[in-house]
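Contents: one structure, followed by commentary.
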Amino acid sequence: MTGEVLDSQVLMARQPIFDHKQRVVAYELLYRKEDAAEASFLDGSSATSEVLLNAFTSISDAGSVRKVPAFINLTYDIVVEGNIPELPRKEVVFELLEDVVVDEAFVNGVRNLVDQGYRIALDDFTYTPDYDPLLEMAQIVKLDVMQHNHAELVEQIKHIRPFKVTLLAEKIETHEKLEECVELGFKLFQGHFLSKPKVVKGRKVSTSQVALMQLLQELQKSNATPEVLEALIIQDPVLTYKLLRIVNSAANSLVRKVESVSEAIVLLGIPQVKKWATLIAMSANTEKPEELSRQLLIRGRMSEQVAERHKRPNAPSYFMAGMMSGLDALLDLERSMMLEQVPLGDDIKQAISDGSGEIGEVLKNVIHYEAGDWDLLPMNFDGDVYEASYREAVLWTKEAMQALADQS
């Protein structure tokens, strides 16, 4: 793709910010740092910006739809020039990047934002006295816990404490690091620690989990029949109950109640059965944060959408690869053990294990995209396709998780 096309896009993804109970309290919006991309988002109309905010920060949580604030990066020039559309104050937190020059013009620009009622966060922070004017106006300070060792974090916190700001630990990669940050007094947390399972040695996938995985695999086949699917579904009483509840719900407006699983499959249709079985699979482990299920559903749906837009054969396999790429975290298994125990096609397993094959190529791009790692995307990366696929996946996941919660 040409540079001109890239510059015209607002490539955007989101990364969750959690509280100490691992509940999502905000999303950081990750977008390309080129000037044109920033301008198209922040210099646009208020209506356009609010549409983007609504698309990326409205989520289904525990049966209710809610909006969480968006952390939005601001550069020196944007702050000084003040070219920011009118945005809802409670729904945004402006994040000041670590490489800004803290001069009089910048401090005045930040003060203007604060006077307008906006909240301020300081990103990737390392204390020097030059930052005191910003610390006096900020509400949140983000510390990179990969960049600082324990003693350095303690020292940084000592300098920051007098300013009465909320501490956010970013780039958390392990559960141990999360626990350390909680003890240090951090209140907010950000990073990929949710994708790092706590390995339970010798653990096996339970019978119900195996049945569910077999069902999901069978649903990928073009010649799947209601009879075969029924034989798999009835192995799991919870799955059977939920599918019957869904098909008998008022939303389907049936004249009579459905009493058999095969009848439910015929009435719902295999595409709908696939959808519901997938959602039930992702929500089966109630001990895991809801965000992990949401992340994997977005990844799976986005992979499938990219495959469809590129006219790739067997797009559902891309869905499975995306969704299953984080199943090890849901099952508390090492990835290699998970791939041994879960029935998946060889092409899907290869895509997950080493990113090889056509499916692996898309999966790697999707993972880089959702992490905002734009520099890791290939030169021929089709930004239009991935941007549209990501937005559709976020919307689909929100609606799907809400629909599942309605049937609980």
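Here the structure is a predicted model, which is why all the values come from computation and not from measurement.
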As an exercise, state the distance from [atom1] of [X] to [atom2] of [Y], rounded to the nearest 0.5 Å.
X	Y	atom1	atom2	value
Y127	F163	OH	CZ	5.0 Å
T166	I140	OG1	CD1	6.0 Å
D347	S317	CG	OG	5.5 Å
E176	E179	CD	CD	6.0 Å
R391	Q305	CZ	CD	14.0 Å

Among residues at least two apart in sequence or on other chains, which ones pass salt bridge (Lys or Arg N to Asp or Glu O under 4.0 Å) with [X]?
X	result
K364	none
K187	none
R111	none

> On the ring face of F56, is R14 found with NZ or CZ under 6.0 Å from the centre and within 45° of the axis?
Replying inline: no
> At their closest point, which heavy atom of L363 faces which heavy atom of S303, and how far apart are they?
Replying inline: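 Heavy atoms only, the tightest pair is CD1-OG, 4.2 Å.
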> Any idea which heavy atoms bring M146 and D144 closest together, and the distance?
Replying inline: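 Result for this residue pair: N-OD1, 2.9 Å.
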Just checking, any donor-acceptor pair under 3.5 angstrom between side chains of [X] and [Y]?
X	Y	answer
Y76	D103	yes
Q156	H148	no
Q190	K142	yes
T75	D77	no

With no hydrogens and no angle check, is any side-chain donor or acceptor of [X] less than 3.5 Å from a backbone partner on [Y]?
X	Y	result
E370	H368	no
S325	G322	yes
E170	D124	yes
Y31	N73	yes
E95	I72	no
Y118	K90	no
R119	F94	no
E392	M302	no

>> Go through it in stages, so that I can follow the logic: the residues are L30 and E28, the test is side chain to side chain contact (heavy atoms under 4.5 Å, CB included), and I'd like the CA-CA distance, side-chain angles, deciding distance and then a yes or no.
In response: CA-CA 6 Å; L30 309 171; E28 180 178 356; 3.8 Å; yes
Side-chain contact, heavy-atom cut-off 4.5 Å: [X] with [Y]?
X	Y	answer
I78	I84	yes
L168	V141	no
L135	L122	yes
T126	Q147	yes

>> Taking the basic N atoms (NZ, or NE/NH1/NH2) and the acidic carboxylate oxygens, is any pair closer than 4.0 Å for E304 and R299?
In response: no
> Quick check, are the ring centers of Y27 and F71 under 6.0 angstrom apart?
Replying inline: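 Aromatic pair excluded; centres sit 6.0 Å or further apart.
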>> Among K177, Q22, H20, which residue satisfies the side-chain contact (heavy atoms from CB on, under 4.5 Å) criterion with F189?
In response: H20
> Yes or no on side chain to side chain donor-acceptor pair (under 3.5 Å) for S389 and R309, after CA distance, side-chain angles and deciding distance?
Replying inline: CA-CA 8 Å; S389 298; R309 286 178 162 89; 3.2 Å; yes
> Can you say whether the rings of Y369 and F381 are parallel (under 30°), tilted (30 to 60°) or perpendicular (over 60°)?
Replying inline: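 Y369 vs F381 ring planes: tilted.
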